[in-house]
Amino acid sequence: DMLHDSVLGVAEDLMKLPEGKLVTIKAKKTALKWCDALSAGGDKTSGEAPVEVAVSVMLVVDISIEAKKAKVTLMDESNPETMEELEISDRGLASSVRACFDEGQEVRLEVDISAKKVLGL
């Protein structure tokens, strides 16, 4: 039980580190899978399979903020498909995405494809 909590803590800490030379998006995807599997109790003793999480980094094509709701249209750079009207629940994230987008910068967001949920920058 203590080991379970320690491993979950390390995986969550890894997710908090900024992407760069030390932490890649691939490492974060792996850590996210670990967190989900550990949080869901999907260990080998329970007989449950770990939950598969499909995380992708997508380019922001459009953002709209209306009455406390921020919605983005995202495009996967590997194919021309778009995901429209995904809600950003974190108000701070939404305003920083909007500011960067308005300045003309390319903004990429991590998205849980299966849950259609924006995870972060």
Side-chain angles (χ1 to χ4, degrees):
D1 204 26
M2 261 179 43
L3 179 61
H4 177 273
D5 293 341
S6 296
V7 171
L8 183 60
V10 169
E12 288 173 345
D13 288 345
L14 179 63
M15 292 297 297
K16 294 175 187 174
L17 294 173
E19 290 176 28
K21 292 180 181 179
L22 297 176
V23 180
T24 63
I25 186 68
K26 185 176 180 181
K28 282 192 169 187
K29 287 179 186 179
T30 303
L32 184 61
K33 288 179 185 178
W34 294 341
C35 289
D36 287 344
L38 290 169
S39 296
D43 57 356
K44 292 181 180 177
T45 58
S46 71
E48 296 176 22
V51 177
E52 286 293 321
V53 177
V55 176
S56 181
V57 176
M58 300 181 83
L59 183 66
V60 176
V61 177
D62 189 29
I63 182 168
S64 64
I65 300 177
E66 299 172 7
K68 297 186 180 181
K69 286 193 177 184
K71 294 187 179 185
V72 290
T73 300
L74 303 168
M75 182 181 74
D76 190 348
E77 293 178 288
S78 62
N79 64 42
E81 288 187 31
T82 60
M83 293 182 78
E84 297 184 9
E85 302 221 352
L86 263 71
E87 191 171 325
I88 300 177
S89 55
D90 182 352
R91 191 81 173 138
L93 175 62
S95 59
S96 61
V97 168
R98 179 63 184 211
C100 292
F101 187 77
D102 287 346
E103 290 175 4
Q105 298 178 19
E106 285 189 355
V107 182
R108 289 175 177 77
L109 296 173
E110 288 182 356
V111 179
D112 181 343
I113 302 296
S114 56
K116 295 187 178 182
K117 181 179 177 185
V118 175
L119 300 175
L121 283 171

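Residues passing the side-chain hydrogen bond (donor to acceptor under 3.5 Å, both in side chains) test with Glu106, sequence neighbours excluded: Arg108.
At least one side-chain heavy atom of Ile88 sits less than 4.5 Å from a side-chain heavy atom of Leu109. Looking at heavy atoms from C-beta onward, Val118 lies in side-chain contact with Leu93 at the 4.5 angstrom threshold. Side-chain atoms of Arg91 and Ile65, non-hydrogen and from C-beta on, do get closer than 4.5 Å to each other.
A distance of 9.0 Å separates CG in Leu74 from CD1 in Ile63, rounded to the nearest 0.5 Å. Here the straight-line distance linking atom NZ of Lys71 with atom CD of Glu66 works out to 8.0 Å at 0.5 Å rounding.
In this structure, Gln105 places its CD atom where more than 12 heavy-atom neighbours from other residues, nucleotides or ligands lie under 6.0 Å away.
When all heavy atoms of Val60 and Phe101 are compared, the closest pair comes out as O-CE1, 3.7 Å.
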